[in-house]
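Please read the structure below before turning to the comments.
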Amino acid sequence: MARSSGPARLAPPAWLTAGFKPAPTPIPWAAVARAAVALSAPLAVGLAVGQPAYGALVSMGALSGVIGDTADAYRMRILNIAVPQLFGAVGVTLGTLVFGHGWVAVAVLTLVALVSGMISSIGAVASVSGLLLLLNAVVGAGLPMPEPWWKAPLLLGLGGLFVLLLTLLGWPLRRAAPERSAVAATYRSVAELFEATGTPAYDEKRQAVTASLNQSYDLVLARRARQHGRAPSLVRLLAQLNVAIPLVEAAPAAHLRAQLHGPLSATIQAAVRELADAVEEGRTGAPELDLPVPGRPAEKAVDHALRYAAAVVHKAEPDAYNVDDRLGRPAALRVRVRRTTRAVLFSEASWRYGLRLALCIGLAQALVSLIPVPRSYWVALTVTFVMKPDFGSVFSRAVLRAFGTAAGLLLAALVLAEVPRGWWDVPVMCVLAALIPAFSAKGYAFQTAAITPVILLLSDTLNQQGFDLVMPRLYDSLIGCGIALIAGYLLWPESWHSRIGDRLADAVADTAAYVTCAFGETEDQGGRLRARRKLYRDLSTVRSEFQRALTEPPPTGTRAAAWWPLVVAVERIVDATTAARIRVDHGAAGPDPAEVAAVERELRELAEGIRVSETLIEVRSELPGDENGVLAPLRQEVSAARAIAGPDLR
């Protein structure tokens with residue numbers, strides 16, 4: 001036994017090796033083809049007109065567009081590509097103006113890093129915009145750009161617009177296809193959820209449904225907010241998405257019923273999958289449902305929700321003025337801009353991240369100003385990529401980038417050593433560019449390995465250093481990773497509890513309010529629905545934060561692993577509350593108000609315990625009530641959560 005335990009002790013920890021496992025995601029072949037064309041065609045044009053440096057700059061802009069093209073809906077893709085390109089143009093202009101100006105460049109890039117970090121907290125598009133603002137500023141300050149100053153931003157912008165053009169080629173034929181496919185995928189995830197009722201896979205499938213619902217509502221509502229009037233296609237999609245909600249709400253009750261009385265009839269999952277096909281194909285007409293006769297309240301809830309969904313999905317023209325936005329329509333643009341500006345300027349987290357990024361970039365630029373390093377922009381470039389907290393753990397990203405850069409440089413060394421410069425660059429770039437979206441889907445280390453040789457090949461077109469680029473870039477990457485680890489990680493010992501614990505405590509407090517809303521005296525079905533959706537969105541965010549924290553070294557990762565069961569417990573409490581409400585709606589006896597109040601009180605005490613405790617304090621709580629009543633499963637889940645954590649009253 002002692003011999004077998006040795007290798008286990010010597011094996012690297014899971015938090016360190018997790019990023020080296022490729023994600024089981026399919027290769028986006030359309031994105032692969034776009035990347036190959038977008039990055040190789042500008043090089044070919046530049047060589048044809050005798051301006052290879054111009055072609056390389058256009059390809060650099062196309063690279064930014066390829067990295068930012070992550071959305072599904074066409075309107076969101078326009079934002080994801082076009083808006084960051086504007087920020088990138090500003091960045092490269094600022095970098096070009098301070099090129100070769102020593103400490104002036106240090107000060108300007110540090111200020112740009114502060115702004116970049118602060119705006120990155122707004123959202124996905126702003127995060128990419130902030131990244132591109134800083135990246136292009138670093139490149140402009142580190143590489144000689146063609147004169148006059150406006151040529152570089154113009155050429156980079158042309159590259160981004162070329163990617164956008166390639167992306168929009170399918171718009172006339174597909175238009176609402178991404179939104180329709182997303183809604184159909186939501187129905188398929190609901191079918192898998194019903195299939196998993198009564199099994200250990202239920203929680204995983206419910207999380208998949210939450211993610212799918214979030215994506216579908218984001219796509220449909222984002223497009224509808226920009227549509228004047230009520231377009232029939234969007235009205236129908238929104239109506240079809242709305243009627244999936246009763247099915248999702250019935251699932252927890254069905255799960256409880258399956259645990260007690262066996263699995264549901266397979267005809268239910270088949271009927272939901274048929275609805276998914278009808279959504280994707282745009283089929284209408286009278287639905288044909290062959291469902292078992294319901295007996296118990298949970299079965300009645302599923303039957304009622306399924307028949308209602310079938311009627312709406314197959315209806316050709318829903319009432320345009322009877323389709324509500326279950327998550328609420330976005331506020332007016334000026335209102336959102338005002339709110340966002342206020343949040344960024346007065347947010348402690350925004351300033352903290354901006355200052356961290358500014359410190360790291362300032363140190364990187366100061367270091368290469370004091371120590372002459374040829375083409376030293378790569379140090380700040382590395383810092384910029386690593387210091388993106390919304391992309392994952394800073395620590396793990398630094399480690400993954402070091403290994404990914406080493407792998408990418410090995411490939412780049414082969415290319416630079418064996419492939420002659422000139423027209424051979426075009427087919428080589430076509431192959432290397434195609435690897436970027438294919439590898440990006442697998443993880444950060446793989447993405448870094450794919451992007452590194454592309455950047456080096458484009459850099460070599462601009463500065464003609466050839467194979468001599470390889471080893472300095474490895475040293476620069478290691479220096480950048482070291483700066484990010486020390487100045488961006490070790491010097492900012494943020495408490496895991498302050499980032500994760502408070503958000504989880506807010507979710508528990510909202511759960512207490514949801515319990516009151518679900519069984520209160522006033523019937524507000526819309527309010528209950530919005531509260532539940534908000535809860536699952538918040539818990540999805542908390543789950544993502546925890547998964548990110550699990551990749552941190554101890555003690556952060558250890559704490560996250562210890563508190564992880566509490567996240568699962570809170571999700572189960574929300575499920576149990578929904579199941580109880582659905583059973584009451586379909587014939588079960590309602591709970592005693594005192595029982596509801598006791599559950600709410602326990603949840604609020606749990607929320608307070610999470611806020612004040614750095615460690616888990618077990619609390620044994622007794623929740624009296626009818627053991628055969630509708631709230632019995634909810635009381636059990638609350639007691640289980642209290643046994644995990646509570647207030648430390650010692």
Side-chain angles (χ1 to χ4, degrees), residues 71-73 76 123-124 176-197 201-225 234-255 268-269 271-273 275-280 301-302 305-306 308-310 312-313 318 323-330 507 510-511 514 518 525-544 567 570-572 574-575 577-579 581-582:
D72 292 319
M76 294 303 296
E179 292 88 350
R180 187 166 57 247
S181 297
V183 176
T186 296
Y187 274 91
R188 291 193 179 96
S189 67
V190 173
E192 294 176 358
L193 179 65
F194 279 110
E195 196 171 27
T197 52
Y202 175 82
D203 286 339
E204 179 184 352
K205 297 301 182 183
R206 193 236 328 117
Q207 294 157 16
V209 169
T210 298
S212 183
L213 273 173
N214 289 346
Q215 182 185 19
S216 296
Y217 268 117
D218 288 343
L219 290 179
V220 175
L221 290 179
R223 182 177 175 196
R224 190 177 177 201
L234 292 181
V235 169
R236 189 173 182 217
L237 280 176
L238 188 56
Q240 292 169 341
L241 187 56
N242 284 344
V243 294
I245 298 296
L247 279 170
V248 177
E249 284 201 317
H255 178 54
I268 292 175
Q269 298 96 271
V272 180
R273 287 193 172 93
L275 292 181
D277 294 338
V279 170
E280 194 156 41
V302 174
L306 190 50
Y308 177 43
V312 173
V313 165
V323 178
D324 61 325
D325 297 330
R326 296 297 178 99
L327 295 182
R329 298 189 66 182
D510 290 342
T511 303
Y514 174 56
Q525 184 176 359
R528 174 170 59 84
L529 181 61
R530 286 189 292 273
R532 178 183 175 278
R533 289 289 299 124
K534 180 180 181 300
L535 262 178
Y536 275 124
R537 273 184 178 267
D538 291 346
L539 287 172
S540 177
T541 302
V542 170
R543 177 177 286 273
S544 298
V567 179
V570 176
E571 292 175 338
R572 293 172 64 92
V574 178
D575 265 357
T577 304
T578 301
R581 179 67 257 180
I582 292 298

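Predicted model, so just to flag it, every value in this text is computed and none were measured.
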Please list, chain by chain and in numerical order, all residues satisfying side-chain contact (heavy atoms from CB on, under 4.5 Å) with [X], sequence neighbours excluded.
X: Arg543; answer: Gln207, Gln547, Trp564, Val568, Glu571
X: Ala250; answer: Ala301, Val302
X: Ala309; answer: Tyr187, Val243, Leu247, Leu275

Between [atom1] on residue [X] and [atom2] on residue [Y], distance to nearest 0.5 Å:
X: Arg206; Y: Asp575; atom1: CZ; atom2: CG; value: 4.5 Å
X: Leu241; Y: Leu237; atom1: CG; atom2: CG; value: 8.5 Å
X: Tyr308; Y: Ile245; atom1: OH; atom2: CD1; value: 11.5 Å

Partners passing side-chain hydrogen bond (donor to acceptor under 3.5 Å, both in side chains) against [X] (at least two apart in sequence or in another chain):
X: Thr210; result: none
X: Tyr514; result: Thr578
X: Thr186; result: Ser212, Ser216
X: Glu280; result: Arg188

For this session: Could you tell me which residues satisfy salt bridge (Lys or Arg N to Asp or Glu O under 4.0 Å) with Arg532, sequence neighbours excluded, listed by chain and number?
Result: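 By the salt bridge (Lys or Arg N to Asp or Glu O under 4.0 Å) rule, Arg532 matches no residue at all.
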Exercise. Within the distance-only criterion (no hydrogens, no angle test), does the side chain of Arg537 pair as donor or acceptor with the backbone N or O of Ala211 below 3.5 angstrom?
Worked result: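 Answer holds: no.
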Exercise. Do you know the tightest heavy-atom contact between Leu535 and Val574?
Worked result: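 Looking at all heavy atoms of both residues, the closest pair is CD1-CG2, 3.9 Å.
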For this session: List the atom of Ala253, the atom of Ile582, and the distance in Å for their closest heavy-atom pair.
Result: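 Closest heavy-atom pair between Ala253 and Ile582: CB-CG2, 4.1 Å.
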Which donor-acceptor pairs under 3.5 Å do the side chains of residues 190-197 make with protein atoms, sequence neighbours left out?
| unit_1 | atom_1 | unit_2 | atom_2 | d |
| --- | --- | --- | --- | --- |
| Glu195 | OE1 | Arg273 | NH2 | 3.0 |
| Thr197 | OG1 | Phe194 | O | 2.7 |

Exercise. Which salt bridge (charged side-chain N to carboxylate O under 4.0 Å, His left out) pairs, counting each pair once, include a residue from residues 238-250, with sequence neighbours left out?
Worked result: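 Listed once each, the pairs are Glu249-Arg528.
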